[in-house]
Every structure is written in C-alpha cells, then in structure tokens.
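Sharing a structure with you now.
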Amino acid sequence: MSATAERGVNALREQIDAPVASFFSSCVSCGLCADACIFFQETQDPQYTPIRKVELLRRVWENEYTLFGRVKSMLGLGNTITEEDFTEMERLVYDSCTMCGRCTMVCPVGNDITMMIRKMREGMSAAGHAPVELIGAAKRHTKGNSPMGDLSKAIQSQVKHAIADTGIDIEFDKAGVDYLVILSAQEIAEYPEVIGAMAQIFAKAGVTWTISSEAFEATNVGVQIGNRDVAKYLVTRVVEAAEKLGVKKVISPECGHAYQALRWEGPNLIGREYGFEVVHIIELLDQLRAEGKLKTSGKDTDKITFHDPCQINRRGGINKEPRRLLNMVAENFVETDDAGTMNWCCSAGGGVGANERAGDLKNAAFQLKKRQFEKVAPDKIVTMCAFCHHTLENALEDNDMDIEVAGLTEMMAEYLDDED
Amino acid sequence: MRNSSNSRADLVQLKEAVANLPTGNAPPILSEILEALGRLVDRAEPTVIDLGAIPFTGGDEKVLQEVLGNGEVNAVLDAMGESHIQETGIPGVWRVDHSDPKGEVQSRFIEITFVPDILKTQSEDALRGQEILAERLSERLRATN
Amino acid sequence: MSSSPLLPKMMKAHGVSRRSFLKYCASLTSLMALPPAMAPRIAHALETAPRPSVIWLSFQECTGCTEAITRSSAPSLEELIFDSISLDYHHTLQAASGYAAEQAREEAMKEHHGKYLVIVDGSIPLDEPGFSAIAGISNLDMLKETAEGAAAIVSVGTCAAYGGLPQANPNPTGAVAVSDIIKDKPIINVPGCPPIPMVMTAVLAHYLTFGIPDLDELGRPKAFFAESIHDRCYRRPFYDKGLFAESFDDAGARAGWCLYKLGCKGPTTKSVCATVKWNDSTSFPIEAGHGCLGCTEPDFWDNGGFYKPLSAPAGEYRRMGQAALVAGVAAGIGGGYLAKKNKAKAQADHETVDAFTLEKEESES
Amino acid sequence: MNNPYFDLLMFARGPLFDLALLVFVAGILIRIVEILVLGRKKDFSKAKGKPVQQGIKTIFTRTLPRPGAIKANPITIVGGYVFHIGFFIAFLLFVPHIALIEALTGLSWPGVGRVIIESATVIAVIAGLALLYTRWKDPVRRKLTTWVDYLVLILSLLPLITGYVAVNKLFGDPTFMMALHILSVDILMIVFPFTKLMHAFTFAMARYYNGSIQGRKGAES
C-alpha cells in the first residue's frame, strides 16, 4: 500500500460535499482572494492566488459531481488529474499556504477557500505529495507521543520544575478533576513556564485539573498534512485519555492548529460527539476573570501589542477574550493594523514552518509582519499560540528586531494578585 | 384619484416645461432671416422658412418673438380653419401660422416677402367673386323689379 | 372622355377657395418635410393633373381605406383631390357599373398606357382565383393586366402593401401583397389599416409633383414612416417617467399614462399617427385610450397579441416554463444522486492511511 | 412582404425565448438541486455560536467588502458593485422588463423612469468594460480567467448595450436592435446554467455555508 495519484484523486473525491459544490459554482474568478493572501501580498506572484491552489479539487467536482461535467467528460472534454498535476500543485498547497483563512473572509461570494485547501491536502497527502518534514513529524508522533518524538521524560521533568518553582502540586492522571490540561510540544520543549503559570492561576481560582501521562500533547500533524486517517489516530489518543479520566473539560493549549484539531475537527474525525467539552485556555482564563476568580495586580509598563493566531481568532472565534485579559495587565496596549479577525499570519502556520523548502517564502511573508510591528514599535508582542510565539521569536531575531515575545497565560500569571 | 390627478397635473406641467425648453435653434433662424431680408432688398427674392422642419419649441418661439416683435399688419384668414398672418416688428418679415378647423396648428412659417402670397386674392377666387357678384346684382335687380 | 383637370372645377363647385387649397398645400409640404418653396409646385401639380391619371383597384379589402378618405360629411380637400384624379375607375365610388365600368378601365389603360398610376387596396388571393374576382376577372389577373401599363403602383392599406388581415395566420385564401406579384414596377406602400388620408394625398401629391418619393426598406415613403409612433406620442413623458396604466379603467389609464403594458405597439410601429392624427386631426387611437395595434407593420395581426406588452414573450413560454421546472428538479435529483453514489464509492474505496504510508514507494532505479 | 427585422424579433420573443427559458430554468434547477442533494455530513463538534443564524446573516453581510479591500482592488470592487447595481436597476426596474416578468410569473412591481434606467445602463456598461479591462490587464485576474469568463462578461454587457441602442434609436433599425436585444438575452439565458453566471444563485448557498461553518466556531464571517 503506497501513495499513488489514483489514491489522491479518490481522497479528493471523498471530500466533495454541498459546501464545496456551492463554492465552486459561485466563484467568478474575481481574484480578490489574492490580496488577502500573505504570500501574494509579499511576492505579487499571481500563482499564489488562493483559489488557484484548489484547482484539482475543482476539477474532480466538475468532472464527477455535476451533471454537465459528466456529459463533458463523456464527450472526452473532461480534465483528468495526473501525477504531474499533483507534483505541480505541491508547493502551492503546502509551501504558500498557512491556512490562515483570510481568503475565506474576503471572498465576495463567500467561498471558504481555506476549508477547501484542507480538503485539497487530503488528496495531496494521499497521493504522496505531502512535504517530507511533515511526514516525518507524523511518523514521530505516531511512534512516540509528539511530533518531536517521545516527550514523556520531558513532560515529567518540566512538571517537576513547575512544582518546584511554584510550590503547587501537579498530579498526573488524577481522576475526578474538572479539567484536563493538554500542552503543545512547543510548550513542553521551549516554553514550559506555561505549566507553572497555569498551576498558579488555577490554584487561585480553585480549578481542579490534571495532566495525562498518556496524552499530554495536543498538536495534530494529521490536520496540517491534511490526512484524516492520521489526524483521527492522533486525536483518538487524547479523546480516549480524557474519557478514561472522566474530566468534564479538556483545555486546549496555546496552539492554533491543536485548537482546530481538538475542538472542531476531532468529533468529526472520530464520527461522534465527545464525552467532554473542549475549551481554549484563554477562553477559560477569560471566564475566570468574569467570575472574579482571576485577579491581577500591577501592570506591565512596556509598550505591548498582541498577535492574533489565525486558528484561534479568525478560524476559532476567540477575539475579545485575550484583549480583555491583556488590558488587565498591560498599561500600554497598542494594536497593529488589521489586528483581530483580519490579522496576518505569523508567516509559518499550517505546516509551513516545518517545511524547509518554504523557507524563502516564509521569510518573504514575514516582511509584512515586520512592517506592521515596526509601525507600532512595541517592546513586547504577546500571543496565545506557542507556534506563533516560536515563529515570531525566530523571525524577529533573523530580522535583527529586538522585541520580546510572550505567551498570554504566562503574562497573566506574572501579575496574579498574591493576596488571598 | 386625487393623487393620480395631482401627479397628472404635475406631469402635464413637466411635459410642457420640457417641451418649451429652447433648443437653441432660434439664433440660426434669425441670422437666416437677416440674410433672406438682404436677398429681398437686393433682388426682391422672397424666402419661406418652415418652422416645422426643425425642432422649434415654445422657448424658441419666445426668443424669436423677443427679437422680431410685432408689426403693423395682423390678418386672420378663415380658410378651412384659421390662419394668422402677421407682419413682425421687422418690416418684410411675416409670421404665417395655419390651423385646421379644430384649431390645431398645422404648419408654421416665416416668410420674408413684401406680402405673403396667401394674403393675395387668387385669380381663380377673384373670377369666382366676379361671377358671384354678378349673380347677386342680377338677383337684386330681379327683386326690385 | 375628357382629360382636362377636374380639381379646380370641383373646388369651385364645393365653394373651396384656392386660398384654402394653397394653405393645404403649404401644410402638406411641411408635413412631407419638403422645402416650403415647393408648395406652389405641388399645388400646381395637383390642379393640373390630367384625368384619368389613376386607376383604383380594390381586391380583398374592407373598403376601410376608401372610407377613410371619404369619411367626412363636409367634403375635405383629400376627398376632392382623390375624386378629381381617380374617379374614373373605382368600384365603390364610380357612377358606372358592370361592363361600362370595366370598359372605362380598359379605355383608360389603353389611352394612357405607360403613364397612369395604379392604386390598389386589398390583398390578392393566390390559393383560388374565385376567392375574389371582379366582373369575372380574378384579382390576380386584373392586377397583372392593369399593372402592365402602369407608370407606378401605390399599395394603399396594409392588405395591399403587406397582405394585412387576409394574410393573417392561417391565411385561408393564400393572400399576398401587391409587391409579391408585381416585380417590375415601382411600388409605393402606404400601409395602415386604414392609412391616414392626408398621408395618401401627400404621397399622391409627391408622385404627381416629383415622382416616386424616398422609400424605406419596406417600400414606405420615408417622410411618413421614418419615426415610430412612440417617438412622437403625447404619452411618451409617462413612459419616460415610468408611469403605466395597468388596465383600461384604472386611475393610470384615466390620467393618460402610457399604454405599453396594455399591449401598445407604438415603439415598433412607424407612422405619423401621433402628429398628423385622424378625423381632421381630432385624435388617434392612443389618444382615444387604446394602444397602437401596429397596423402599418407587416404581419401586425400575428405579432404576439394586441393586448400583450411588446416585451412579453410571444411563444409557448408557459408550458415551456412548467416543463423546465419539472425537468430541472428531476434531472437535478438525478444528478445529485449520481454525485452521492460517486462519493459513496470513493468512501468504500478508501484505503486507510497511516503516517508510514504517506510516501510513494521508492521508484525502482 | 415581410419585415425581416420583425421576423427576427418574433423569433427571439417566440421560439428562441421558449428554448432559452427551458435551458435557463431547467439548467439552474439542475445545478441547485444537485448541490442540495449532495448535502453535507452532520457536524459532531459542539457549536459555540449559532451556525444557522450566522449563515443566513452572512448571505447579506458578505455583500459589503472588508475595510481596505477597495483600496487594493478598486476596479474590481467598485466596478463590480456598479455593474451589479446598474444591471439590476436596468433589468428589474424598467417597466417593459417588469411586464415580461409579470407575464412569466404573475409578479409585478412599480418601475422607475427612463433617466434612472438609462443612467444605470450607461454606468453598468462602463463598469463592465472596466471589469473586462482589469481581467485582461491585471496579472492575478488574467491568470484566473478562461475564455469562457471573457465570453460571459461580454454576453452580460450585450443586453445592456443593445437595449440602450434600441430604446434610444442610436443607430440601425430600432426593431432590428430590439430583436438583437432580445436575442442577446436569449443567449445569456442559454449559457447561464453552464457558466459562472450561476453565482447569481449559488452565492447565497456559498455565503450561507461559509457563515454557518464560521458561526459554529463563534468566529466572524
């Protein structure tokens, strides 16, 4: 069993439904999606026009899902898909798209192009045209417990550090608690402070929680690569662990695609509703704030701006929450242009960051962010996605920009009110 | 009904207002008249201008009237409907307007002439006049006898 | 048989002054958009036209055209002009009848061979000669025979000009227009059902004075058939303002709004009805509250219904639309079913993939 | 004698219109029903927002462009608006057209005067030509555009142009121009279901789906 063009076409075939059919029926090739795309913006290369990236899906739809297309195919006028077509589309679908969702917002007829890219990747991956780095990550995640490989030891030691730092006890696999905290590999490896931060906030708020020793990692390379079998396999681990522990809610970490995978795709991948609810950590913090259980004292005097992670704000609906929280702790909070729903991607989401081939494109795309940050000239950029955090940190450094990047949860914990 | 008759009145007014907008055809007609007067003076050559042949609205008529004014002669013809023959304030320039028996204007002319032909008694009519008068006289004679 | 001009005598007899006649000719000249200086020439041509200069043939017709000219109680100048030049052979009007009448026609044809004008009203049946015949002579034969020596032919009325009502679907008599039969003579079409009397006179006057007038592609004198009724309609401002009568007795109709929606054919009908009008310039159909039927245009009987708006479809659109609704939904369900089947098959064919089967097999080198 | 222009007009209003109506109505229904029958899977994720409401809302709200979009694509957006608005004013508010729709459906509404109709027509044609220009000149659009797209845009402009010429008797025989006008509409109706003109109907579905997908997540759309 190996990847073939035929398998790819079949995967595309499986993806077509009424929304896709209505989208392709409605596209008038106006090209307005181009300006919404960070890669087009920074290269002005028309090949990066988003709707062009889903051409193969469109062909399958036209050939096989419309009566007129069937007649056309029968007359030999159909446009069949070959191995070469997949090869040609590979860089468009994976290298020049972070699935940021801006095109979906601007399309005048309302086409969800981003959703179709996700579907397009199903076909690409099934045909064997996913980037090797993503396939590698999928293999590591399947064999181990994170796309970085086995992080079992790492999580144990990071939790130990957190306990030591905060003096708050954190128990693994504790049954009967309300919340299950899941982290992203990036956090475990790079930003473990978030564990202590959560422990402090939750202790103050009286939230009961635990971490699963089996499923402590929330990322899902299956969603990025665009393969539902892999995605289902990975999400099932989390679902099973959560249901085994009997928690009421699972906390999705500061990670964009993990939120998509866990909260929105997951139930559909496994084909049933969860026995628990999924909340994003920032949603929970804002809820605690509203309930008066999250109190802060003092404010950061730095000039702070906020970077909206695409998958959490634009495609996840969490927009006002981080701003309410940030305003509690930031004295000098300034928004960049387009902040909020139409914020520009950090330049490396959707698997682009891991894709070495896409390095130049990624750098080009970051120039847009760079200009926006330069205009605001903040001392600190706060975000709520560890991968955005990671990308911005590296890109700022590469561009010789001395701006600190921080996670919002950590920042909240820093100004937590100490009084009882 | 009230509304529709109101709007009707409005529309009739509008229609008239639009119909009476000057087309700008009066000035060229006036220069044409001047030229024609020259021909009349120099060579006794008359000219007739048909105002029905070009767009010529009430507004244009007003301009014409302002420039030409009223003259000394004003005749009304009763020949299968009225005709108004009027010398304008510019001697030698005449207005000749024919109406049908219902009073609808049929044709409008400007004649640059010493006297419009239509005013003259036609010889055929004069002949008939001679006959009629003769007949009437003989009838009178018979009656007195 | 005298050929001395008759008009001056007739005018005198009817107490019409020459001044009235001159005035009429002036208006006629203006109507035809001829230079005003032409008026005396027209008057002269009409006054001195030799008689009999005209032979009037009536075929499949309703006498409406003749009626139109002679309709008024007081003699009009049109009537006098027609009478003075065409009385020699006109079934309806001439005093003579039977053999004497036919003899008059034959004599006129012989005497004025190559010079007389033929006026025709009515269409000519081709299916069966007996459908319409005069003195045992079929219309077809009479037309051919009379046209042979004619200088020109004037087809008066839509029947003679284009076939008219007799030709209306299903055309039971096989009626045709004069121009369908006579190909070698100049033909002036003066369509209308009936034509406007003043237009008929004007055409005659033009012919007598200057010969054949400028004709459009349908053989009509351009002076009278260049503009549509719509262009000169007094209700046009309502059309332009978007105010339309919805029925013949609604407030809009009473307020004189445009009759387009009630089927008025003014926009596609060329004639001077709206300016010259009828019955001594009293009115014309639209002024009387009824839409134009389009009677100066060929096939006006069959052009999609008198009371249907011009923009309404003229065919079997209702049945077509219903069929399309049913067929569209049925085919759509069929298409959707095929699509669903296609998807179900794709799902059945799905090979479950894992991270280790995402790559292509190494191609054997 | 026949008036060939009138015969053409009657052909365009009669048999050809019937055919066009059949293709238009049946074709559109096929395309729409086929999409609806295909359907979509039930979404098992727990909704945060209100997918149905937001879907319906998005059908309307997506009519307005995002702030800043006009600056990036002035011709496409402004031209697109003006073309659509002008086209629909000329199409739906001109009384002879209303009479046609009334004959077909029994529905009727008041029209507007000629000044508005003709201004709308002229402006729509200018906008359409601008759209054609940007399609040809702009690299993004040029790369997306197929010959059918050019054809469809031109075919959409023809009824406006021929209608204007016919009503104003600019040139040619008015009856002939009217026949051409109706002919151009017949052709537009016939190509409609097979081309991107379908967006006139499916845009509502697309916007609904977009809105409902985003709405489920409580995200903007």
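Here is the naming used below: chain letters follow the sequence lines, and residue numbers restart at 1 for every chain.
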- Message: Looking at A:R13 and C:A344, would you say the former's side chain and the latter's main chain have a donor-acceptor pair under 3.5 Å?
- Response: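 No: the side chain of A:R13 does not pair with the backbone of C:A344.
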- Query: Under a 4.5 Å heavy-atom cutoff, which of A:D17, A:I135, A:T66 has the most pairs with chain C?
  - Reply: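 Highest number of heavy-atom pairs under 4.5 Å: A:I135.
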- Greatest number of heavy atom pairs closer than 4.5 Å to chain C - which of A:N10, A:V230, A:L67: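 Greatest number of close heavy-atom pairs with chain C: A:N10.
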- Message: Quick test of your reading of the model: are A:E83 and C:K360 salt-bridged, counting only N-O distances below 4.0 Å?
- Response: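 Here A:E83 pairs with C:K360 in a salt bridge, since their nearest N and O are under 4.0 Å apart.
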- Query: In terms of heavy-atom pairs under 4.5 Å with chain C, which of A:V221, A:L134, A:I16 leads?
  - Reply: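 The option with the most such pairs is A:I16.
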- Interface moiety of A:Y233 toward chain C, non-hydrogen atoms closer than 4.5 Å: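 Nothing of A:Y233, per the 4.5 Å heavy-atom cut-off to chain C.
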- Query: Can a salt bridge be assigned to the pair C:K345 and A:E14 using a cut-off of 4.0 Å between side-chain N and carboxylate O?
  - Reply: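 No salt bridge links C:K345 with A:E14.
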- Message: Counting only non-hydrogen atoms closer than 4.5 Å, does A:S125 touch chain C with its backbone (N, CA, C, O), its side chain (CB onward), both, or neither?
- Response: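 Interface part for A:S125: both.
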- Query: So, does A:D229 use its side chain to make a donor-acceptor pair with the main chain of C:D354 at under 3.5 Å?
  - Reply: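 No, the answer is negative, given that no donor and acceptor are paired below the 3.5 Å cut-off.
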- Item | Interface moiety of A:I225 toward chain C, non-hydrogen atoms closer than 4.5 Å |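 Side chain only.
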- Under a 4.5 Å heavy-atom cut-off, does chain C meet the side chain of A:A127, its backbone, both or neither?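 It is the backbone, since no side chain atom gets that close.
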- Looking only at non-hydrogen atoms, find the nearest pair between C:L338 and A:R70 and report the distance.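 That would be O-NH2, 3.2 Å.
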- Query: Is the number of heavy atoms from other residues, nucleotides or ligands under 6.0 Å of A:K232 NZ greater than 12?
  - Reply: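 No - once you tally the heavy atoms of other residues, nucleotides and ligands closer than 6.0 Å, there are 12 at most.
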